[in-house]
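A, B, ... follow the sequence lines: proteins, then strands. Residue 1 opens every chain.
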Number of protein chains: 2
Amino acid sequence: MTRDDIDGEAPTPDQARRQVEHYGLEVDPQAVLVAVRLISAGARVGRAAEAHFARFGLSTGRYRLLADLEDHGGEKSPSHLALDLGVSRATVTGLLDGLEREGLIARRPSTEDGRGTVAVLTARGAQRLRDMAPDHFGRLEAMVGGLSVEERAVFLDLLARVVRGSAALTAD
Amino acid sequence: MTRDDIDGEAPTPDQARRQVEHYGLEVDPQAVLVAVRLISAGARVGRAAEAHFARFGLSTGRYRLLADLEDHGGEKSPSHLALDLGVSRATVTGLLDGLEREGLIARRPSTEDGRGTVAVLTARGAQRLRDMAPDHFGRLEAMVGGLSVEERAVFLDLLARVVRGSAALTAD
DNA sequence: AGCACATAGTTAGCTCCCTAATCATTTTCG
DNA sequence: CGAAAATGATTAGGGAGCTAACTATGTGCT
């Protein structure tokens with residue numbers, strides 16, 4: 001129980017086991033440990049990502065929006081963006097507001113749909129992506145550098161399955 | 001490229017590859033994919049967890065605090081809680097405020113340190129944990145039910161290593 | 001044609017967690 | 001012993017994302 005698991009490895013297997021035992025439940029402590037660690041790790045990595053993007057004056061959400069826009073030819077409707085990014089339309093509105101204020105995207109009315117708007121990546125937005133690319137992708141690569149190619153493939157598979165399983169949290 | 005990857009599997013390997021190629025970087029697209037998927041999955045699972053705990057009138061942070069408190073005998077200082085939960089002391093203050101308002105914890109001044117406070121799990125707090133335990137742990141188990149015992153062990157190992165690697169995002 | 005209903009986008013208000021600054025107590029040390 | 005530094009907790013303020021409600025435009029059905 002040495003205190004050099006700098007944290008970040010919380011909770012411990014013992015904690016998981018004690019909790020389950022405490023309530024006399026017939027639940028696999030290891031399964032609980034995996035679930036809780038993922039939730040905890042997700043928050044942790046999310047915060048690290050937020051700090052990372054802050055270097056470039058962006059947030060995780062704003063970066064993801066810019067990148068998605070560029071990958072899609074530089075134009076996309078807010079609804080479509082919300083769908084592809086997996087966030088609400090209201091969130092996209094907020095992200096676009098911030099990006100527009102900094103001149104990284106522009107909004108223009110849709111030509112086909114009177115209700116619609118199209119978000120357009122500006123030259124400045126593209127430039128921002130270009131500027132941060134080497135550092136950004138370099139750090140991402142370093143992040144998983146400790147895993148072999150095979151391990152990465154396994155991780156992707158397991159991660160996808162657990163994420164799919166996370167529907168169990170919200171079911172009903 | 002069928003559109004039945006309900007999302008949740010975003011981004012695609014193709015997107016990762018295109019992005020890296022676009023900037024002519026010598027970065028492994030698979031590594032980028034793993035990193036980006038983890039960031040995305042973390043946010044997704046985090047939101048699912050938040051919705052899950054909301055059922056019981058709690059948030060992820062508040063639940064984690066209560067659980068940690070119980071596991072520690074029902075008493076702990078805010079600073080110690082912050083350390084063990086991996087959040088800032090200011091966040092713990094906020095969590096305690098909410099929990100105290102609902103009568104799930106109480107604050108009493110520390111007897112040893114004039115500056116200190118001790119958070120105490122109340123009977124109501126313990127009851128809340130007891131009430132939610134079957135549903136809560138059941139769902140957690142279901143979440144990772146798709147993985148075999150061996151796969152869970154592998155996942156724990158890989159997850160820990162990637163989390164450790166995420167320091168690369170904030171380094172410097 | 002006209003009216004119900006769906007859809008695009010935004011706004012308002014909420015919670016989560018963070019950092020930075022503040023205040024009160026220790027603790028340390030010249 | 002008394003000043004400086006460290007530590008515990010809180011407050012103030014900010015950004016992310018959410019839901020629900022609202023406006024405006026499109027679509028469809030009778």
Side-chain angles (χ1 to χ4, degrees), chain A residues 39-40 42-66 76-102 105-119 170, chain B residues 39-40 42-65 75-102 105-119 170:
Chain A
I39 291 171
S40 165
R44 195 166 282 283
V45 171
R47 268 177 267 147
E50 218 61 63
H52 166 62
F53 288 115
R55 271 183 236 278
F56 310 103
L58 296 174
S59 66
T60 302
R62 288 188 193 174
Y63 173 78
R64 293 219 303 140
L65 195 156
L66 282 187
K76 217 174 202 178
S77 75
S79 292
H80 201 163
L81 283 166
L83 211 65
D84 290 355
L85 297 177
V87 299
S88 70
R89 278 172 307 160
T91 294
V92 169
T93 296
L95 296 175
L96 290 176
D97 283 349
L99 291 168
E100 189 172 38
R101 223 177 295 124
E102 290 200 38
I105 66 105
R107 277 191 254 229
R108 63 165 181 67
S110 167
T111 52
E112 301 132 3
D113 190 330
R115 298 164 296 181
T117 302
V118 177
T170 53
Chain B
I39 291 172
S40 166
R44 197 166 279 283
V45 171
R47 268 178 265 146
E50 218 62 62
H52 165 62
F53 289 114
R55 272 184 236 277
F56 311 102
L58 296 174
S59 66
T60 302
R62 288 188 194 174
Y63 173 79
R64 294 219 304 140
L65 194 156
E75 293 201 4
K76 217 175 202 178
S77 75
S79 292
H80 200 165
L81 282 167
L83 211 65
D84 289 355
L85 297 177
V87 301
S88 69
R89 276 173 309 165
T91 294
V92 169
T93 296
L95 295 175
L96 290 176
D97 283 348
L99 290 168
E100 188 171 40
R101 224 176 294 124
E102 291 199 37
I105 66 106
R107 278 192 253 228
R108 64 165 181 66
S110 167
T111 52
E112 300 132 3
D113 191 328
R115 298 164 295 181
T117 300
V118 176
T170 51

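Listed candidates were C:dG9, C:dC18, C:dC16. Nearest to the side chain of B:V87 is C:dC18.
The distance from atom CD of A:E50 to atom P of C:dC18 is 12 Å, rounded to the nearest whole Å. Going from atom CZ of B:R101 over to atom C1' of D:dT10 covers 14 Å, rounded to whole Å. To the nearest angstrom, P of D:dG15 lies 12 Å from CG of A:D97. In this structure, B:K76 atom NZ and D:dA9 atom P are separated by 13 Å, rounded to whole Å. The CG-C1' distance, from A:L83 to D:dG17, rounds to 17 Å in whole Å. Per the geometry, CG belonging to A:L58 stands 13 Å off C1' belonging to D:dG15, to the nearest Å. Between the CD1 atom of A:I39 and the P atom of C:dC16 there is a distance of 15 Å, rounded to whole Å. Put simply, CZ on A:R107 is 12 Å from C1' on C:dA8, counting in whole angstrom units.
Between A:R89 and D:dT19 there is no side-chain N or O to OP1 or OP2 distance below 4.0 Å. Residue B:R62 has a polar side-chain atom (N or O) positioned under 4.0 Å from OP1 or OP2 of C:dC16. For the OP1/OP2 pair of D:dG17 and a distance below 4.0 Å, the side-chain nitrogens and oxygens of A:S88 include no atom meeting the criterion. In terms of phosphate contacts, B:R47 brings no side-chain nitrogen or oxygen within less than 4.0 Å of OP1 or OP2 of D:dA16. Taking side-chain N and O atoms only, A:T93 has no distance below 4.0 Å to OP1 or OP2 of C:dG9.
Looking at residues two or more places apart in sequence or on another chain, you find a salt bridge (charged side-chain N to carboxylate O under 4.0 Å, His left out) between B:R108 and B:E75.
Between B:G94 and A:V92, it is B:G94 whose nearest contact on DNA chain D lies nearer the 5' terminus. The residue among A:P78 and B:L95 whose nearest nucleotide of DNA chain C is located toward the 5' end is A:P78.
Put simply, the side chain of B:R62 never gets that close to the backbone of B:L99: no donor and acceptor are under 3.5 Å apart.
Residue B:T91 is classed as a base contact, given a heavy-atom separation below 4.0 Å to a base. In this structure, A:S79 reaches the sugar-phosphate backbone alone: every heavy-atom distance under 4.0 Å involves primed, P, OP1 or OP2 atoms, never a base.
Of all heavy-atom pairs spanning B:G57 and B:E102, the tightest one is O-OE2, 3.6 Å. The two residues B:R47 and A:G86 make their nearest non-hydrogen contact at NH1-O, 3.1 Å. Of all non-hydrogen atoms in B:K76 and B:L81, the two that sit nearest each other are CD-CD2, 3.6 Å. Counting all heavy atoms, side chain and backbone alike, B:A49 lies closest to A:I39 at CB-CD1, 3.9 Å.
A:L96 places a side-chain heavy atom less than 4.5 Å from the side chain of A:P78.
Proximity of residues 109-117 of chain B to DNA chain D (heavy atom under 4.0 angstrom from any strand atom) is restricted to B:R115, B:G116, B:T117.
Salt bridge status for A:R64 with A:D84: absent, with no side-chain N to carboxylate O gap under 4.0 Å.
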